[in-house]
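Each residue takes its place number in the sequence, starting with 1. One-based numbering, in listed order, for ligands and for the atoms of each.
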Amino acid sequence: MNIILLGPPGAGKGTQAQRLQTDVGMVQLSTGDMLRAAVKSGSALGQKAKDIMDAGKLVPDELMVGLIEDRIAQPDCAKGFILDGFPRTEAQAEALDEMLARTGKKLDRVIEMEVDEQALTERVVGRFTCARCGTGYHDKFKRPRVEGVCDVCGSKEFSRRKDDNAETMKTRMAAYRAQTEPLLPYYRAKGVLKTVDGMAAMDEVYRQIRAVLAGA
Ligand code: ADP
Ligand code: ADP
Ligand code: ZN
């Protein structure tokens, strides 16, 4: 099964994708994580993406399409993938349709995570991740079980994203509204769109997603 998690920054896409990856074995394809890894490695892509990401704008479609196309072609994606952060524009959605058709794959569901805009800034400003294994946390909504220690790998180092501040959130939200939100009618028209309540507690959101995947 191949799915997209669609929602604004801070909606909970990464949180739910990580959980699905662990439980169901689908592969999480987070374009944000891939780009941050490229920035860290100093690759050509990373150099092009860095300032754009720090400003909260979108990286050009042709770079993103190339990145995801290479990733989807890897053997591990054959067991099913979760797109988290891609597509973000109609051009990316069209390119995805085209590459799936060409490789004999299909998109089974697009899951919209519906959230109140006011909640998003609080979510992203409080977000942090384990620097070693990438597990996501939140200052208020998901603290590690033992203070300062990652639940999953025991690391004591955490990191925060430079773009997770109230100012950059304004640009990111504007990009979402102008360029990504039009994907909702795009996928609704294809009959693959389902909506879950992204304002619910994490376990409840997960339950709703599992129900959608089970065909409800
Ligand atoms: P996205 O990948 O959509 O940008 P994340 O999954 O990283 O969003 O979630 C953003 C922040 O909000 C994280 O710190 C996460 O722990 C927290 N979060 C995720 N889902 C919920 C939820 N349902 N309720 C409260 N906080 C949440
Ligand atoms: P969030 O889930 O909080 O919106 P991401 O980690 O998905 O953040 O993305 C971080 C940044 O990486 C975006 O603001 C954008 O600059 C860039 N980015 C990620 N995915 C894409 C994409 N599909 N198209 C263009 N830019 C992207
Ligand atoms: Zn960890």
- Task: Pull out every atom of ligand 2 sitting under 4.0 Å from any heavy atom of Leu35, numbered as shown with elements.
- Result: 12 (O), 17 (C), 18 (N), 19 (C), 27 (C)
- Query: Would you say the side chain of Asp163 lies within less than 4.5 Å of the side chain of Pro9, judging by non-hydrogen atoms?
  - Reply: no
- Query: Considering residues, nucleotides and ligands other than Arg102, do more than 12 of their heavy atoms fall under 6.0 Å from its CZ?
  - Reply: yes
- Query: Between Met34 and Ile68, is any pair of side-chain heavy atoms under 4.5 Å apart?
  - Reply: yes
- Item | For atom 24 (N) of ligand 1, the protein heavy atom that lies nearest, with its residue and separation | Arg123 NH2, 3.4 Å
- Query: So is there a nitrogen or oxygen of Arg127 less than 3.5 Å from a nitrogen or oxygen in ligand 1?
  - Reply: yes
- Message: Can you give me the closest heavy-atom contact between Ala200 and Val205, atom names plus distance?
- Response: O-CG2, 3.5 Å
- Query: Polar-atom distance check: Gly126 versus ligand 1, any N or O pair below 3.5 Å?
  - Reply: no
- Task: Among all protein heavy atoms, pick out the one at the shortest distance from atom 14 (O) of ligand 1; state its residue, atom name and that distance to 0.1 Å.
- Result: Tyr137 O, 2.7 Å
- Message: For atom 20 (N) of ligand 2, what is the closest protein heavy atom, and at what distance to 0.1 Å?
- Response: Thr31 OG1, 2.9 Å
- Has Ala11 got any heavy atom lying under 4.0 angstrom from an atom of ligand 1? yes
- Numbering as shown, the atoms of ligand 1 that approach Phe141 to under 4.0 Å (heavy-atom distance): 25 (C), 26 (N)
- Item | Nearest option to atom 5 (P) of ligand 2, as decided by whichever heavy atom of Gln92, Arg88, Met53 sits closest | Arg88
- Message: Check for me, please, whether Leu193 and Leu83 land in the same ILVMFWY cluster - side-chain distances under 4.5 Å, paths through other members count.
- Response: yes
- Message: Are Ile72 and Phe86 linked, directly or through intermediate hydrophobic residues, by side-chain heavy-atom contacts shorter than 4.5 Å (ILVMFWY only)?
- Response: yes
- Query: Which pairs count as side chain to side chain donor-acceptor pair (under 3.5 Å) when at least one residue sits in residues 196-208, sequence neighbours excluded?
  - Reply: Arg19-Asp203, Asp23-Tyr206, Glu204-Arg207, Glu204-Gln208, Tyr206-Arg210
- Message: Using a strict cut-off of 2.8 Å, how many protein N/O/S atoms surround the Zn ion (ligand 3)?
- Response: 4
- Any chain of hydrophobic side-chain contacts (each under 4.5 Å) joining Leu58 to Leu29? no
- Of Arg172, His138, Gln18, the one whose closest heavy atom lies nearest atom 17 (C) of ligand 1 is His138
- Could you check which of Asp203, Thr15, Val124, Val205 puts a non-hydrogen atom nearest to atom 15 (C) of ligand 1? Thr15
- Atoms of ligand 2 close to Lys13 [distance to a heavy atom under 4.0 angstrom, numbered from 1]: 2 (O)
- the protein heavy atom lying closest to atom 10 (C) of ligand 2 turns out to be Arg161 NH2, 3.4 Å
- Message: For ligand 2, which is the ligand I care about here, please tell me if Leu58 has any N or O atom under 3.5 Å from one of the ligand's N or O atoms.
- Response: no
- Are any of the N or O atoms of Gly10 closer than 3.5 Å to those of ligand 1? yes
- Hey, any chance Leu67 and Leu5 share a hydrophobic cluster, counting ILVMFWY side chains that come within less than 4.5 Å of each other, even indirectly? no
- Query: Any N or O on Pro9 sitting closer than 3.5 Å to an N or O of ligand 1?
  - Reply: no
- Heavy atoms from other residues, nucleotides or ligands near NZ of Lys57 exceed 12 (cutoff 6.0 Å): no
- Item | Identity and separation of the nearest protein heavy atom to atom 18 (N) of ligand 1 | Met202 CE, 3.6 Å
- Message: With a 4.5 Å cut-off on side-chain heavy atoms, are Arg132 and Val152 touching?
- Response: no
- Transitively linked via ILVMFWY side-chain contacts under 4.5 Å: Met199 with Val125? yes
- May I ask you to identify the nearest protein heavy atom to atom 26 (N) of ligand 2, giving residue, atom name and distance to one decimal place in Å? Val59 N, 3.1 Å
- Measure from the side-chain N and O atoms of Gln47 to the backbone N and O of Gly42, and report whether any donor-acceptor pair falls under 3.5 Å. yes
- Salt-bridge test for Arg143 and Asp151: reply yes if a basic N is under 4.0 Å from a carboxylate O, no otherwise. no
- Task: Starting from atom 8 (O) of ligand 1, locate the nearest protein heavy atom and write down its residue, its atom name and how far away it is, to 0.1 Å.
- Result: Gly12 N, 3.1 Å
- Any non-hydrogen atom of Ala200 lying under 4.0 Å from ligand 1? yes
- Any N or O on Gly14 sitting closer than 3.5 Å to an N or O of ligand 1? yes
- Query: Are any of the N/O atoms in Lys142 less than 3.5 Å from those in ligand 1?
  - Reply: no
- Item | Qualifying residue for side chain to side chain contact (heavy atoms under 4.5 Å, CB included) with Val212, from Ile3, Val110, Val196 | Val196
- Query: Which residue and non-hydrogen atom of the protein lie closest to atom 16 (O) of ligand 2, and at what distance in Å?
  - Reply: Lys57 O, 2.5 Å
- Message: So Gln21 and Val27, do their side chains get closer than 4.5 Å, heavy atoms only?
- Response: yes
- Task: Take the angle between the ring planes of Phe158 and Phe128 and call it parallel below 30°, perpendicular above 60°, tilted in between.
- Result: perpendicular
- Query: For ligand 2, which atoms have a heavy atom of Arg36 less than 4.0 angstrom away?
  - Reply: 6 (O), 10 (C)
- Message: Side chain or backbone, does Asp163 bring an N or O within less than 3.5 Å of an N or O on ligand 2?
- Response: no
- side chain to side chain contact (heavy atoms under 4.5 Å, CB included) between Val24 and Ile82: does it pass, once the steps are laid out? CA-CA 11 Å; Val24 195; Ile82 308 155; over 6 Å; no
